[in-house]
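Report on the following structure.
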Number of protein chains: 4
Amino acid sequence: MKKINVAILGCTGLVGREFVRLLDGHPWFAIACLTASARSAGRRFAETDPPGPDGTGVAGRLVVRETNAAAVVASGARVVFSALPAAAAGPLEAELREAGLRVFSNAGAHRMDADVPLLVPEANGEHLELARRQLRRHPGFIVTNPNCVVSGLALALKPLMGLAPRAVAVTTFQAVSGGGRRGVAAWDILGNVVPFIAGEEEKVGRETRKILGAVSAAGVRPDAMEVYPSCARVAVRDGHLQSVGVEFARPVDGDAAAAALAGFLAEPQRLRLPTAPSRPIVVRPEPDRPQPRLDLRAGAAIQAGRGRPGEADRHGRAAGMAVSVGRLRPQGKRLDFFLLVHNTVRGAAGGSVLNAELAARKGLIPGVPRG
Amino acid sequence: MKKINVAILGCTGLVGREFVRLLDGHPWFAIACLTASARSAGRRFAETDPPGPDGTGVAGRLVVRETNAAAVVASGARVVFSALPAAAAGPLEAELREAGLRVFSNAGAHRMDADVPLLVPEANGEHLELARRQLRRHPGFIVTNPNCVVSGLALALKPLMGLAPRAVAVTTFQAVSGGGRRGVAAWDILGNVVPFIAGEEEKVGRETRKILGAVSAAGVRPDAMEVYPSCARVAVRDGHLQSVGVEFARPVDGDAAAAALAGFLAEPQRLRLPTAPSRPIVVRPEPDRPQPRLDLRAGAAIQAGRGRPGEADRHGRAAGMAVSVGRLRPQGKRLDFFLLVHNTVRGAAGGSVLNAELAARKGLIPGVPRG
Amino acid sequence: MKKINVAILGCTGLVGREFVRLLDGHPWFAIACLTASARSAGRRFAETDPPGPDGTGVAGRLVVRETNAAAVVASGARVVFSALPAAAAGPLEAELREAGLRVFSNAGAHRMDADVPLLVPEANGEHLELARRQLRRHPGFIVTNPNCVVSGLALALKPLMGLAPRAVAVTTFQAVSGGGRRGVAAWDILGNVVPFIAGEEEKVGRETRKILGAVSAAGVRPDAMEVYPSCARVAVRDGHLQSVGVEFARPVDGDAAAAALAGFLAEPQRLRLPTAPSRPIVVRPEPDRPQPRLDLRAGAAIQAGRGRPGEADRHGRAAGMAVSVGRLRPQGKRLDFFLLVHNTVRGAAGGSVLNAELAARKGLIPGVPRG
Amino acid sequence: MKKINVAILGCTGLVGREFVRLLDGHPWFAIACLTASARSAGRRFAETDPPGPDGTGVAGRLVVRETNAAAVVASGARVVFSALPAAAAGPLEAELREAGLRVFSNAGAHRMDADVPLLVPEANGEHLELARRQLRRHPGFIVTNPNCVVSGLALALKPLMGLAPRAVAVTTFQAVSGGGRRGVAAWDILGNVVPFIAGEEEKVGRETRKILGAVSAAGVRPDAMEVYPSCARVAVRDGHLQSVGVEFARPVDGDAAAAALAGFLAEPQRLRLPTAPSRPIVVRPEPDRPQPRLDLRAGAAIQAGRGRPGEADRHGRAAGMAVSVGRLRPQGKRLDFFLLVHNTVRGAAGGSVLNAELAARKGLIPGVPRG
């Protein structure tokens with residue numbers, strides 16, 4: 001199988017660099033094009049500022065182009081991964097779709113479009129149907145992944161949907177990388193907590209309901225669950241911890257809930273997608289987990305096949321792709337737990353790459369054999 | 001009026017030092033006795049390790065005694081403030097009560113005793129009735145203040161009780177000072193969040209219900225409210241931030257709730273107690289408050305009489321005694337908000353001092369004129 | 001005595017806010033004009049973003065003007081304090097000098113001008129002679145204070161000049177506030193040290209030598225001392241710690257050096273300037289001091305007259321104006337020690353205010369009686 | 001070749017865990033015995049508290065023994081790695097030497113013994129001669145590695161010895177892991193710098209001089225270099241940054257010094273020892289390196305053979321074994337630079353493992369073929 005050429009838009013930001021890391025050496029995709037703002041354009045990726053600790057792969061030698069549709073099309077890329085800011089992403093991603101490209105975007109611009117899937121492969125893989133619908137009207141399509149908080153939350157809620165949740169409250173402890181490389185000033189966050197992130201709580205509500213909703217003729221009928229988000233920034237570099245409380249229609253059995261979470265497997269696992277963790281949800285038995293420092297890289301790759309399920313395989317492609325859950329506390333009709341998601345991996349670049357892998361295996365990217 | 005001699009037990013810890021700061025120069029009380037473990041005994045307070053940045057007051061010259069009942073009694077103290085660990089506090093506080101002393105304790109040992117008030121003066125001042133009952137059976141009494149989280153939570157819930165809350169969920173962002181000076185290792189918390197504090201969640205539930213309960217013949221009949229606590233430690237030095245979600249029987253009017261919180265006044269304010277903040281609850285209008293760094297010292301002293309209500313009076317006795325509330329978000333029958341409490345001031349030493357001031361003004365400490 | 005109207009340029013930044021704090025209620029000066037960029041212009045100072053925890057003084061009600069010479073002149077200000085960025089400060093400060101104003105600037109633009117004093121009042125008060133020279137050629141003058149590191153370093157070196165230092169090496173642990181409110185990204189500094197601050201080391205060398213130099217016909221003949229600076233940023237909010245090693249021509253007597261530092265008094269102390277600390281250098285006897293957290297606010301005001309010399313008077317005008325020195329370690333011809341300077345107080349706004357006070361008492365600002 | 005059984009003393013601390021990580025799967029050594037205090041004894045290593053993120057190797061299933069000589073001898077171990085506290089290490093290591101074991105110790109107890117090598121393989125491999133001398137008087141021997149600061153400093157000074165350094169001043173920014181898992185309280189270090197580490201500066205002076213000294217009949221004749229250490233703790237988890245200033249007899253050529261550092265290779269590289277980095281010193285060309293966050297894991301393994309020299313091979317055995325140097329600034333006879341050493345890898349466990357590898361290849365551990 002010949003690898004499929006891909007482009008990464010916005011390659012120099014924190015999410016863009018995660019895209020490069022995950023796609024440099026990917027078994028199906030080959031990086032053909034890297035774009036960024038005019039400031040970085042013209043330099044080799046390895047020379048863009050700030051250089052990461054690594055960056056010695058093939059991608060390091062690619063010359064970064066200024067972001068625009070013509071450069072992407074000219075590169076021969078057939079798939080696009082977008083780490084652009086929302087304002088720039090809106091028109092450009094639509095333009096690339098018209099040019100026949102398959103766009104997998106971490107940007108917020110098109111997430112709530114009626115015919116754009118907001119995809120977490122283990123939670124709502126069937127929403128890819130919307131991408132097929134786009135292909136009837138456009139030569140290409142756009143598939144989005146949700147906000148970093150929702151990436152973890154919707155995944156953890158999925159196995160609990162059978163227990164009929166009626167409401168979910170989530171308080172977040174969000175890492176500074178979620179605000180981008182220069183988005184959070186040290187002066188504001190050192191030794192502090194800031195209980196506000198602009199626009200975040202609105203996204204948590206509407207995106208969670210769309211992901212857990214059902215595909216309908218008109219798009220997606222969102223789930224009726226009430227969502228009560230309270231988002232705060234903490235002095236952590238990577239990893240969004242979440243305190244989640246779910247209310248059900250009936251009293252909840254804690255053991256059953258734990259088993260449903262720990263045993264959860266979905267299409268990405270069955271299809272052995274390259275970036276899929278062997279277990280998407282790791283249930284920690286310790287009294288004080290998950291923690292950003294210890295659980296950030298959860299997610300052993302199926303291919304690697306070593307380590308206990310849920311143990312971090314620090315070398316593997318899927319490190320950071322599993323969500324860690326702990327401290328399950330049932331109390332009547334309510335279940336409280338803590339959850340950790342790697343915000344720039346599962347919550348951004350890794351989520352988008354997994355979306356592309358699922359789409360490819362389902363026949364939406366010509367050149368990859370169906371799973 | 002002659003000042004009343006008091007003792008401070010466990011004076012060298014973080015809470016003990018706050019007691020010293022608040023009582024050194026207090027208008028009604030004079031420090032007659034400071035105790036600590038054998039390691040510090042025999043040295044002047046100003047020489048105990050670690051010296052604070054200040055410590056130049058009268059208390060600095062006092063020689064620290066080893067903690068035991070005889071030393072306290074011999075000092076002539078009639079009132080005791082206890083910052084002892086719970087295990088040591090249990091028997092010693094009972095012994096001091098038998099010796100006729102009025103004990104105001106931050107320790108957890110006696111908080112749930114049927115005849116011991118668990119007191120937040122603005123929330124349940126009427127529970128001091130239990131202290132009167134103790135005096136029928138003992139020559140002295142014990143009055144406790146709650147856990148640091150509950151000190152802020154119960155205070156903020158009090159003005160909302162008229163709206164019939166049925167359940168409260170609270171996720172905490174707790175400062176390292178809550179674990180004591182050496183209780184939290186830098187290795188564990190730097191750049192991290194630890195979603196567990198031993199024993200904390202149990203205290204939050206039972207203490208909140210006791211404070212908001214009603215005095216009965218048998219002691220206190222706890223409030224029926226469900227409490228769902230999720231406690232986490234963050235890399236902040238002082239100040240417990242809390243994400244609070246309250247569920248009511250009926251849809252909640254956000255403006256009415258905000259007005260109830262901001263306008264709340266109680267006995268300590270009417271009695272103009274020396275350590276009472278002019279407003280016990282400060283409602284912040286900004287989109288991103290309260291924050292530990294900015295709002296830790298909320299609480300303008302009545303005596304000072306300057307500053308806008310709720311503005312920090314950094315020089316005043318009541319700095320750190322007000323709870324700051326912000327980001328009020330009503331949604332149906334639910335009200336979410338963030339809350340900040342200074343954990344070693346309102347949540348520990350300051351709460352205990354205010355308890356003593358209220359008890360004194362209510363005639364429970366001979367020598368202070370009734371309010 | 002009628003107060004002298006002053007303007008503060010760049011009032012909304014971290015240094016600008018320190019100027020407001022120090023000048024709001026100053027015994028000689030009255031704030032008549034606050035300026036900032038167009039973004040903040042037109043709003044009351046108390047409403048500028050971000051609001052500090054305080055800001056309730058008279059200055060809070062002043063409407064902020066956009067920075068330009070006309071606005072300053074129109075305000076009636078006769079003295080200007082400048083917290084502008086260097087690029088903007090260069091031409092504007094010169095323009096204000098031509099308009100007859102006395103400019104006290106924290107900006108770097110004019111520090112090395114031959115006829116502009118680079119002033120640390122305790123170290124080189126005699127350099128004010130240069131301001132007199134400016135008055136012969138201009139209707140006003142510019143007086144600058146040095147870089148934040150040099151503000152502390154030059155002050156601590158002054159009492160050692162009699163021991164004939166030949167070289168000084170300094171390694172800094174600089175706080176994030178030194179980079180301005182948004183100058184240091186949390187992503188870069190959390191759990192990290194960055195051993196580089198653009199342009200800083202060059203300033204440390206040339207400014208230290210100018211301050212310790214002698215006024216000559218041509219300006220200042222810099223001291224011949226070699227300076228070896230190594231500047232690093234650490235995850236501290238305020239306070240630049242410095243590891244200093246001084247090499248002398250002869251073996252150094254540690255006790256004599258300590259006595260010279262601790263006993264150092266200069267013109268600001270003799271003149272009892274309002275913002276002068278009673279002791280400009282506090283020598284800490286403890287084995288582990290100074291520390292940013294404990295010693296940031298060193299500097300008891302002469303006026304307050306309370307506290308032991310060197311103890312922090314947290315309420316006083318001079319808090320943060322003393323430099324703390326500790327761990328004096330003589331070894332042969334070398335003396336090593338640690339030093340702490342509050343970078344936005346003594347190292348910026350406070351230094352500039354003290355410069356103005358000294359200039360005023362020396363007859364350079366009409367309206368203030370000579371000392 | 002059959003693997004040689006080894007024991008790890010003090011396996012549950014931060015350094016002990018690094019020993020386990022490096023020796024679990026080592027090509028020459030097999031872990032036969034893990035010891036710790038009575039608190040952990042009897043549990044499998046994977047169950048000791050706190051569990052690391054990994055710990056799934058063979059060592060995880062070993063049962064931890066209480067530390068004593070009999071347990072080690074009974075295990076059949078022939079080589080011992082010691083991460084004990086100095087007080088316990090002194091007598092026990094001597095006892096194990098008498099039992100015929102080869103002891104490689106990170107403890108400070110025997111470092112200054114006349115016949116014990118204080119070894120940094122790239123700097124003073126020839127000091128292993130002292131181990132041969134020990135074997136004439138004892139059935140076994142003790143080899144030590146230096147203090148974590150010295151491990152990096154002595155290595156970086158070695159290639160400069162040809163330029164005749166006369167004095168070195170070093171100011172450290174030391175990570176909290178250097179104090180052990182609970183050695184540094186969060187309360188003390190959050191947002192702070194503590195300019196003191198008990199006993200550290202004495203070690204830096206005497207150990208650096210011993211390593212750079214020459215073996216003589218009586219032991220080691222220390223180098224005559226003056227050492228001026230100033231040690232401080234910062235809020236970093238791992239990695240000791242150092243600001244180093246070296247004074248030479250003659251003016252120093254910066255390019256020659258950089259080339260000497262970057263090109264430095266020694267016996268561990270020539271012998272291709274398993275834990276040796278391909279380049280022991282990585283010279284960073286960027287203006288702001290090294291940084292703890294970016295350069296902690298420097299050191300590409302020779303075996304891996306990939307990556308550019310000096311790039312971190314995050315998967316390799318030698319990650320953390322190279323010292324990173326940057327910001328070389330020659331000025332007259334002086335050379336200033338910053339240096340980073342991974343304090344628990346090159347500065348502790350990794351240094352000790354490399355010592356054992358060198359000793360083995362030089363015929364001091366029977367069973368490993370000579371290099």
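The sequence lines fix the lettering, A, B, ..., with proteins before strands; numbering per chain opens at 1.
In this structure, a donor-acceptor pair under 3.5 Å is absent between the side chains of A:S230 and B:R327.
Residues of residues 241-258 of chain B placed with any heavy atom under 4.5 Å of a heavy atom in chain A are listed by number as B:L241, B:S243, B:E247. At a heavy-atom cut-off of under 4.5 Å, chain A is reached by B:P195, B:F196, B:E201 from residues 195-207 of chain B, listed in order of number.
A:R293 contributes atom CZ, which lies 9.0 Å from atom CG of B:L190 (distance to the nearest 0.5 angstrom). Here CG of B:D288 is found 12.5 Å from CZ of A:R233. Values are rounded to the nearest 0.5 Å.
For chain B, no part of A:V170 is nearby; none of its heavy atoms comes within less than 4.5 Å. In this structure, chain B has heavy atoms under 4.5 Å from both the backbone and the side chain of A:N192. Both the backbone and the side chain of A:V193 come within less than 4.5 Å of a heavy atom of chain B.
B:Q331 is listed as a side-chain neighbour of A:E226, based on a closest heavy-atom distance under 4.5 Å.
With chain A as partner, the option from B:P287, B:A235, B:A169 having the largest number of non-hydrogen pairs under 4.5 angstrom is B:P287.
Summarising the geometry of B:T172 relative to A:F173, their closest heavy-atom pair is O-CZ, 3.6 Å, with the distance given to 0.1 Å.
Using a distance-only test at 3.5 Å, with no hydrogens or angles considered, a donor-acceptor pair links the side chain of A:R329 to the main chain of B:P229.
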